[in-house]
Amino acid sequence: MKKLMIGNQAVAAGLYDGGLQVVSSYPGTPSTEITEFLAKYDDIHSEWAPNEKVACEVAFGASLAGARSACAMKHVGLNVAADPLFTLSYTGVGGGMVICVADDPAMHSSQNEQDSRHYAMAAKVPMLEPADSNEAYAYAKAAFTLSEEYDTPVLLRMCTRIAHSQSVVEVGERENAPLKEYVKNPQKYIMMPANAIKRHPIVEQRTNALRTLAEDCLFNKVELNSDEVGIITSGCSYLYVKEALGDTVSVLKIGMPYPLPTQLIKDFASKVKKLYVIEELDPVIETHVRSLGIDVVGKELFSLLGEFSQQTIAAAFGKEANASVCADSAIPNRPPMMCAGCPHRGLFYTLAKNKITALGDIGCYTLGAVPPLNALDSTLCMGASVSGLHGFNLARGAEAEKKSVAVIGDSTFMHSGMTGLVNVAYNATNSTVIILDNSITGMTGHQQNPTTGYNIKGDPAAKVNLEALCRALGINRVRVVDPYNLKECDTVIKEELAAEEPSVIISRRPCVLLKSVKALPALKVDADKCKSCKRCMTLGCPAISMKDGKAHVDATLCVGCGVCQQLCPFDAIV
Amino acid sequence: MKTTSVMIVGVGGQGSLLASKLLGRLLMDEGYDVKVSEVHGMSQRGGSVVTYVRFGEKVYSPIVTEGEADVIIAFEKLEAARYAKYLKTDGRIVVNTQQIDPMPVIIGAAEYPEAVLDELTAKGLSVDALDALSLAQQAGSSKAVNIVLMGRAAKYFDIPYERWIAAIENTVAPKFVEMNKVAFSLGFNA
């Protein structure tokens, strides 16, 4: 049966049809939909874990127990899950295990554009890389067989363009993969030195066996069309090559970027006069080809940065650019921004007004960094606001403690903010940590998390009490504020910064986009009272603009949060 | 058969994902190979959003590059101008005349080029502008801007009217089907 699916939906369908029984993931663009689609199947277990390391270990446990399991994460999530990954390579699997990782070339939604193929090499774990939804389905399904046959977890690499592009998928049937018998096997699964030393040679033997497989498998395909130009490529770069050059060149399409074939590449190279490697991000295939002593054109022509397109390839092969025209007027940018009524806005306004140094984190609230609020000083990775603030305060002392905060969302705090907070309490800086609790994982599109009281299916679940948790971690001063109340925010932030011990402020109000949140009537500006002071404009609310010299509220965007009303010195917003 | 390239551009939250889903489904049902490329995540928060739809006998690339689009469907004027360079010089832009100020304009750091559609027309581009917001409100919801615009754009595809209606029935939530059918016909007949 044919269906139009985004790559992530195809991965979900492939994993399900491959006999998946347990999936545990942490959301992260562009990987989130894999698990969201899997959650629609009621005969398997799916869940959101608090972070990728937990997710990967849950998948390990399920595999140990004899079930086919998976976890999914974005590229930086694999950094978090790297610890279990490297040793999973040694233990191998019980039931087949697939780790889906989605890279984000061009950083549509990410803080870096690391290339996760390096992890496959470093952990010595095979990696598959589909180029469209149909392959995503087929590779996800095949990954379980590969995993069990070679006793290894398998990495399935997606990238934004494949993950979020819909294409036609030929869907098959679900394979019956019953739970395997559980047999205790300490030599295989207890990785203490005496056992691990014996497992390492097995890893090397397995990699050699996989190298042999790479020479002749369904993942790597040769298309011989020309004896002039040969191109080795993979993933979406393959699509751009085919689009730009069609059947005028020979192509070796790599669907298994680790381990790479040797003889296949040598044979292909010998059949063409000029050889190119075209791959986004790092020269992984290129380095391998060069190590075989083969002359190749690669990164000197094709950038290490961002995404390619058919235009990139066409230009590199001397084709003229398409004719096009554009407007002469300057086109203002349209950056993403916090929504009208976003509960984060009032808090960031208060931080900016008081010129407070704010170490930020990963989530919607990273948008507090953009004009006009400019309220953030740093964003590094999940959880780094809390631990970073502790270091900042250690370095700069009491003065900094009175003027700096960490800002972290509820889901990110669960992910890896907690450990940083333990460190604040244990190693004693007077740090002030603000948890922006909007009752959902916002940026990735509203996933439940341990603080929301619901699980991935939307069913009631145990709910972490953030106040009690912070106290249990050693923080005595825990305050809760409503970010719609500017005066309260201002008072509490000043009090907690002044306090002679660490504190947590929970800024609590649900995301305005949640269906359960009902909008209040839109506000209006009384033009007679408005003195055009533009105080309301300093909020950066998309619903407020200046029209004919007076403030104006867009009634289709305004949700009546009232934050601008509190700022207006002339009571002009009603 | 040559691959046809379509772009749907707008502001995050305007419903371009539903429009591309509708178009993708329709084209697959018409027997074409189809690719639809969306962007999720950061760009949804009121940012500029672009979706590519490509169809033909065999489609490789999911994205559209400069000078390649046969049709651009723009949900907002400024976004039409932003992506105009992606249009083939003989392509067509269907554009909603609605103006949504981006943050740099709101805070006074940049100016909104009010007459930008005239500029594009003067450059020889075929600009088909309509007030889709009013038509959507007439159909019963300002959220139906996406379907009004698809109705207007349908004129530039060689696909019978009733096939579009069938695609709406297959894609849209049942309780919104009737309203969206009205929105589609208002756009089509505008």
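Reminder, nothing fancy here: chain letters follow the sequence lines and each chain counts from 1. Both backbone and side-chain heavy atoms feed into the values below; hydrogens, waters and symmetry mates do not. Note that the coordinates shown come from a computational prediction; the quantities given were computed from them, not determined experimentally.
- Contact of Val34(B) with chain A is made through backbone and side chain together, with heavy-atom distances under 4.5 Å.
- The contact between Asp132(A) and chain B is made entirely by side chain atoms (from C-beta outward), counting heavy-atom distances below 4.5 Å.
- Side chain of Arg25(B) to main chain of Ile168(B): no donor-acceptor pair is present (N/O by atom type, distance under 3.5 Å, no hydrogens or angles).
- Leu117(B) does not touch chain A: none of its heavy atoms, backbone or side chain, sits under 4.5 Å away.
- Taking the six-membered ring where tryptophan is involved, the planes of Phe188(B) and Phe184(B) are essentially parallel, since the angle between them stays under 30° and well short of 60°.
- Two residues are said to be in side-chain contact when any heavy atoms from C-beta on lie closer than 4.5 Å; Thr51(B) and Leu23(B) fail this criterion.
- Of all the listed residues (Gln310(A), Gln311(A), Lys2(A), Lys242(A)), the one sharing the greatest number of non-hydrogen pairs under 4.5 Å with chain B is Gln310(A).
- Here Asn333(A) is the residue among Thr538(A), Thr312(A), Asn333(A) with the most heavy-atom pairs under 4.5 Å with chain B.
- Contacts between Ile162(A) and chain B at a heavy-atom distance below 4.5 Å are absent for every atom of the residue.
- When heavy atoms are compared at a cutoff of 4.5 Å, Pro371(A) approaches chain B by way of both its backbone and its side chain.
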Apply salt bridge (Lys or Arg N to Asp or Glu O under 4.0 Å) to the pair Glu307(A) and Arg161(A), showing each step before the final yes or no. CA-CA 9 Å; Glu307(A) 292 184 296; Arg161(A) 286 299 171 197; 2.9 Å; yes

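- Contacts of residues 54-80 of chain B with chain A at a heavy-atom distance below 4.5 Å involve Arg54(B), Tyr60(B), Ser61(B), Pro62(B), Ile63(B), Val64(B), Thr65(B), Glu66(B), Gly67(B), Glu68(B), Glu76(B), Leu78(B), Glu79(B), listed in sequence order.
- For Lys534(A), no part lies under 4.5 angstrom from a heavy atom of chain B.
- When every heavy atom of Ala543(A) is checked against every heavy atom of Cys558(A), the shortest pair comes out as CB-N, 3.9 Å.
- Nearest heavy-atom pair across Met179(B) and Ala144(B) is SD-CB, 3.8 Å.
- Within the 4.5 Å cutoff, the side chain of Lys319(A) has heavy atoms near those of the Leu245(A) side chain.
- Each of Asp328(A), Val370(A), Thr32(A) has some count of heavy-atom pairs under 4.5 Å with chain B, and the biggest count is that of Asp328(A).
- Neither the backbone nor the side chain of Cys236(A) comes within less than 4.5 Å of any heavy atom in chain B.
- Among residues at least two apart or in separate chains, side chain to side chain donor-acceptor pair (under 3.5 Å) pairs with a member in residues 181-190 of chain B are Glu169(B)-Lys181(B), Glu178(B)-Lys181(B).
- Residue Tyr52(B) touches chain A through its side chain alone, counting heavy-atom pairs closer than 4.5 Å.
- The contact between Ala330(A) and chain B is made entirely by backbone atoms, counting heavy-atom distances below 4.5 Å.
- Remark: the backbone N or O of Met5(A) is paired with a side-chain donor or acceptor of Ser133(A) at under 3.5 angstrom.
- Side-chain contact between Glu170(A) and Asn134(A) is present, with at least one heavy-atom pair separated by less than 4.5 Å.
- For the pair Leu120(B) and Ile93(B), the minimum side-chain heavy-atom distance is below 4.5 Å.
- For a residue to count as touching a neighbouring chain, one of its non-hydrogen atoms must lie under 4.5 Å from one of that chain's; by this rule Ser309(A) touches chain B with backbone and side chain alike.
- In summary, the side chains of Ser545(A) and Asp101(B) do not present any donor paired with an acceptor at a separation below 3.5 Å, with no hydrogens or angles considered.
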